[in-house]
Amino acid sequence: MSQAALSRPRPAKTERKSVRPVLSVVEDHGPTRSTVSVGLIVIIALAGFIGAPLVLNTVRAELSFSMRDDQVQLDKLTQENEDLLVKVQSVSSPESLRRFADKHQMVPATNPGYITLKSRKIEGGSPAK
């Protein structure tokens, strides 16, 4: 140590007065309502986070089954439509129409005629044979 440091006088000891507050024991009254309400909110939120995906997946599954059933029904109706188109084409063929006309004693049409209402006469045309 240096001489200057040794020659300096030490400060006198001062008495410290500690200021401490007076402490007392306080009774615990249990959880307050805000703690309970926060707990309920957390539980409801967790239930929502768990329940929402379950509900969405259930709805998607029901929609998927419904779409499948609708697709099966659409396929059946498409097949029925194709069968009816084949039947209509076979019935409307010239040979089929000729047989139907012969069976019902129908004759081919000739030149069409017109009826004039004022004179009550048939103009043009020829009778069917």
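Since we're looking at a predicted model, the values are computed, not measured.
- Applying the salt bridge (charged side-chain N to carboxylate O under 4.0 Å, His left out) definition to pairs two or more places apart or across chains, those involving residues 77-105 are Glu95-Arg98, Glu95-Arg99, Arg98-Asp102.
- When hydrophobic side chains of Ile, Leu, Val, Met, Phe, Trp and Tyr are connected at separations under 4.5 Å, Val19 ends up as a singleton with no cluster partners.
- Identified under the side chain to side chain donor-acceptor pair (under 3.5 Å) test for residues 48-66, with sequence neighbours left out: none.
- Counting non-hydrogen atoms of neighbouring residues, nucleotides and ligands closer than 6.0 angstrom, the CD1 atom of Ile122 reaches no more than 12 such neighbours.
- With rounding to the nearest 0.5 Å, the separation of CD1 in Ile115 from CD in Glu123 is 10.0 Å.
- Taking all atoms of both residues into account, the shortest heavy-atom contact from Ser96 to Val91 is OG-O, 3.0 Å.
- Looking at Thr78 and Leu74, their side chains come closer than 4.5 Å, going by heavy atoms from C-beta outward.
- Across Gln79, Gln73, Gln71, a single residue satisfies side chain to side chain donor-acceptor pair (under 3.5 Å) together with Asp75, and that is Gln71.
- Closest non-hydrogen pair, Pro53 versus Gly48, comes out as CD-O, 4.3 Å.
- Side-chain heavy-atom separations under 4.5 angstrom define the hydrophobic clusters, and the remaining members of the one that includes Ile50 are Leu54.
- The hydrophobic cluster containing Phe100, built from Ile/Leu/Val/Met/Phe/Trp/Tyr side-chain heavy atoms closer than 4.5 Å, also comprises Met106.
- Counting only residues at least two apart or in different chains, ring pair (Phe, Tyr, Trp, His ring centres under 6.0 Å) contacts with residues 53-90 are absent.
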Query raised in the report: Given the rule in the side-chain contact (heavy atoms from CB on, under 4.5 Å) test, do Asn81 and Leu77 qualify, once you have shown the distances and angles that lead to the verdict?
Result: CA-CA 6 Å; Asn81 189 21; Leu77 291 173; over 6 Å; no
